[in-house]
2 protein chains.
Amino acid sequence: MYQETAAFEHYIRDHGLRMTNARRAVLEEIFSHHEHIDADRLHAAMRGKGLDVSRATVYRNLDLLADCGLVRKYRLDRHRVLYEHMHAGMEHDHMVCRECGRVVEFVNRDLRAQQEEICRAHGFDPDDLTVQVVGCCITCKKARAARGSAPPSGP
Amino acid sequence: MYQETAAFEHYIRDHGLRMTNARRAVLEEIFSHHEHIDADRLHAAMRGKGLDVSRATVYRNLDLLADCGLVRKYRLDRHRVLYEHMHAGMEHDHMVCRECGRVVEFVNRDLRAQQEEICRAHGFDPDDLTVQVVGCCITCKKARAARGSAPPSGP
DNA sequence: TTTCTTATTGAGACAGCGTCTCAATTCGCC
DNA sequence: GGCGAATTGAGACGCTGTCTCAATAAGAAA
Ligand SMILES: [Mn+2]
Ligand SMILES: [Mn+2]
Ligand SMILES: [Zn+2]
Ligand SMILES: [Zn+2]
């Protein structure tokens, strides 16, 4: 947390912004959640703890944190944007199950290297590399197979 | 177009659905546009030609076409979903410029193979593999460099 | 410390976009 | 042609994220 606070304050100063209680509160809150969470849920969690930060401010500061690289922003389903705090530069990607909604994370350095190579080839300067797979997870696949081949009571 | 109509009708029959004029119209319309387009613009284009298909129906049938694989659905910016007709299994991915909004497409078989390999390793059955890069395109990079290093009138 | 400038916040209105509802229509089968 | 179900049209609706603007507070300067 010292690490992140320092990085955030550094970014703030560097950009002629101001460090505020609301900013510290949003930073602490997002770093206390270790799953993907949307802005409204994060806001509700804060209100639940008695932290009076407005909805607009939570949205604004999550985006600020994303800009400064402490938080990542994903759209894993079409309904809402999810945020997640970074963990020391450990970038990962996602597989999303259509059936159960489960999100599986994976890290693959080669995939990233290859994306960077493509960018280089096009003279494109990337800020954000995303790989996303939508499909059916192993659990749902097994469940479907079990249902399909040997249902408890015959059809 | 015969190809796609046949594939669509086959999918329709296979799923106990019905072929309608609205479906044919949406299919023809999306295949007549060769850039990314959103549902409302496609709807407007149809109305412009005198095709009376409702907004909801355009949305519904674009999603149906996406389900059956004739159309792909992307969210290249956070504002809206864009659709694009497939071209004989030629899957591609996108780089989006933050500054000018330009979208650069690229095809890379290795990247796809690698994604499939990761899925296999996780027992994940993919329907949809997406790679998206957000950053700064070569044109904007050059424009920025020109502005930064040698402005017409001194600072 | 007090003063001053201005970035930030809060509260709610607003907007975009996609979904839903339900009566009317159309499809496909008999 | 008649029937039952799938599809459509029109608009209301809901969810998310953005914007507005007056009030507040950060932080530089005095
Ligand atoms: Mn994640
Ligand atoms: Mn494309
Ligand atoms: Zn699943
Ligand atoms: Zn550009």
Side-chain angles (χ1 to χ4, degrees), chain A residues 5 8-30 36-47 50-68 71-83 98 101, chain B residues 5 8-30 36-47 50-68 71-83 98 101:
Chain A
T5 306
F8 193 29
E9 295 194 340
H10 189 224
Y11 181 92
I12 294 277
R13 305 280 148 94
D14 253 31
H15 288 72
L17 306 175
R18 293 174 184 180
M19 180 50 70
T20 65
N21 292 331
R23 283 189 176 148
R24 267 183 284 265
V26 172
L27 175 68
E28 284 204 16
E29 190 67 29
I30 186 71
H36 303 142
I37 188 170
D38 68 77
D40 277 327
R41 263 187 242 287
L42 197 84
H43 177 231
M46 294 177 75
R47 304 299 284 222
L51 291 166
D52 268 341
V53 175
S54 78
R55 196 170 79 110
T57 295
V58 171
Y59 273 89
R60 289 190 276 235
N61 286 324
L62 282 174
D63 284 346
L64 182 63
L65 285 163
D67 286 345
C68 92
V71 160
R72 292 206 73 190
K73 217 175 154 171
Y74 304 106
R75 183 180 292 273
L76 299 180
D77 60 63
R78 69 171 130 305
H79 301 301
R80 59 195 173 184
V81 170
L82 299 179
Y83 296 84
R98 272 226 161 87
Chain B
T5 307
F8 193 30
E9 294 193 340
H10 189 224
Y11 180 92
I12 294 276
R13 305 279 149 95
D14 252 30
H15 288 72
L17 307 174
R18 293 175 183 177
M19 181 50 71
T20 65
N21 293 331
R23 284 188 175 148
R24 268 183 284 265
V26 173
L27 175 69
E28 285 204 15
E29 190 67 29
I30 186 69
H36 303 142
I37 189 169
D38 67 77
D40 278 327
R41 262 187 240 288
L42 197 84
H43 178 230
M46 294 176 76
R47 305 299 284 225
L51 292 167
D52 267 342
V53 175
S54 76
R55 197 171 77 108
T57 295
V58 172
Y59 273 90
R60 288 190 277 238
N61 286 324
L62 282 173
D63 283 346
L64 181 63
L65 285 163
D67 287 344
C68 93
V71 160
R72 293 206 73 191
K73 218 176 154 171
Y74 304 106
R75 181 181 293 271
L76 298 181
D77 61 61
R78 68 171 132 305
H79 301 301
R80 59 196 173 187
V81 169
L82 299 179
Y83 296 84
R98 272 225 161 89

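Only a predicted model underlies this, so the values are computations on that prediction, with no experimental measurement involved. So that the names make sense, note that chain A is the first sequence line, chain B the second, and so on, each numbered from 1.
H43(B) places a side-chain N or O within donor-acceptor distance of the main-chain N or O of V53(B), the cut-off being under 3.5 Å. Not one N or O on the side chain of R55(A) forms a donor-acceptor pair closer than 3.5 Å with the backbone of A39(A).
Using a 4.5 Å heavy-atom threshold, the side chains of R75(B) and L82(B) count as separate. Between Y83(B) and I30(B), some side-chain heavy-atom pair lies under the 4.5 Å cut-off. Between L17(B) and L64(B) the shortest side-chain heavy-atom distance falls below 4.5 Å. At least one side-chain heavy atom of M46(B) sits less than 4.5 Å from a side-chain heavy atom of V26(B).
To the nearest angstrom, P of dG16(C) lies 11 Å from CG of D40(B). L17(A) has its CG atom 12 Å from the C1' atom of dT6(C), to the nearest Å. For the pair I12(B) CD1 and dC27(C) P, the interatomic distance rounds to 13 Å; values are reported in whole Å. Rounded to a whole Å, the CZ atom of R13(B) is 12 Å from the C1' atom of dC29(C). When the P atom of dA15(C) is taken as reference, atom CZ of R80(B) falls 18 Å away, rounded to whole Å.
Within 4.0 Å of R55(B), counting heavy atoms only, lies at least one base atom of the nucleic acid. If you check every strand for non-hydrogen atoms under 4.0 Å, A22(A) touches sugar and phosphate atoms only. Heavy atoms of D52(A) sit under 4.0 angstrom from primed sugar atoms or phosphate atoms, though from no base atom. The residue R18(B) sits close to a base: some heavy atom pair falls under 4.0 Å.
Separating the CG atom in N61(A) from the CZ atom in R24(A) is a distance of 11.5 Å, to the nearest 0.5 Å.
Looking at the side chain of V81(B), the nearest of the listed nucleotides dG18(C), dC17(C), dT9(C) is dG18(C).
Residue whose closest nucleotide on DNA chain C sits further toward the 5' end, between Y59(B) and N21(B): Y59(B). Nearest-nucleotide positions on DNA chain D for V58(B) and Y83(A) put V58(B) closer to the 5' end.
For R60(B) and dT19(C), a side-chain-to-base donor-acceptor distance below 3.5 Å is absent, hydrogens and geometry of angles not being considered.
Protein chain B contacts DNA chain D over a range whose 5' and 3' limits, counting nucleotides with an atom under 4.0 angstrom from a non-hydrogen atom, are dG4(D) to dT18(D).
Contact annotation: T20(A) reaches the phosphate of dT9(C) (side-chain N/O to OP1 or OP2, under 4.0 Å). Using a 4.0 Å cut-off, some side-chain N or O of N61(A) falls inside it from OP1 or OP2 of dT9(C).
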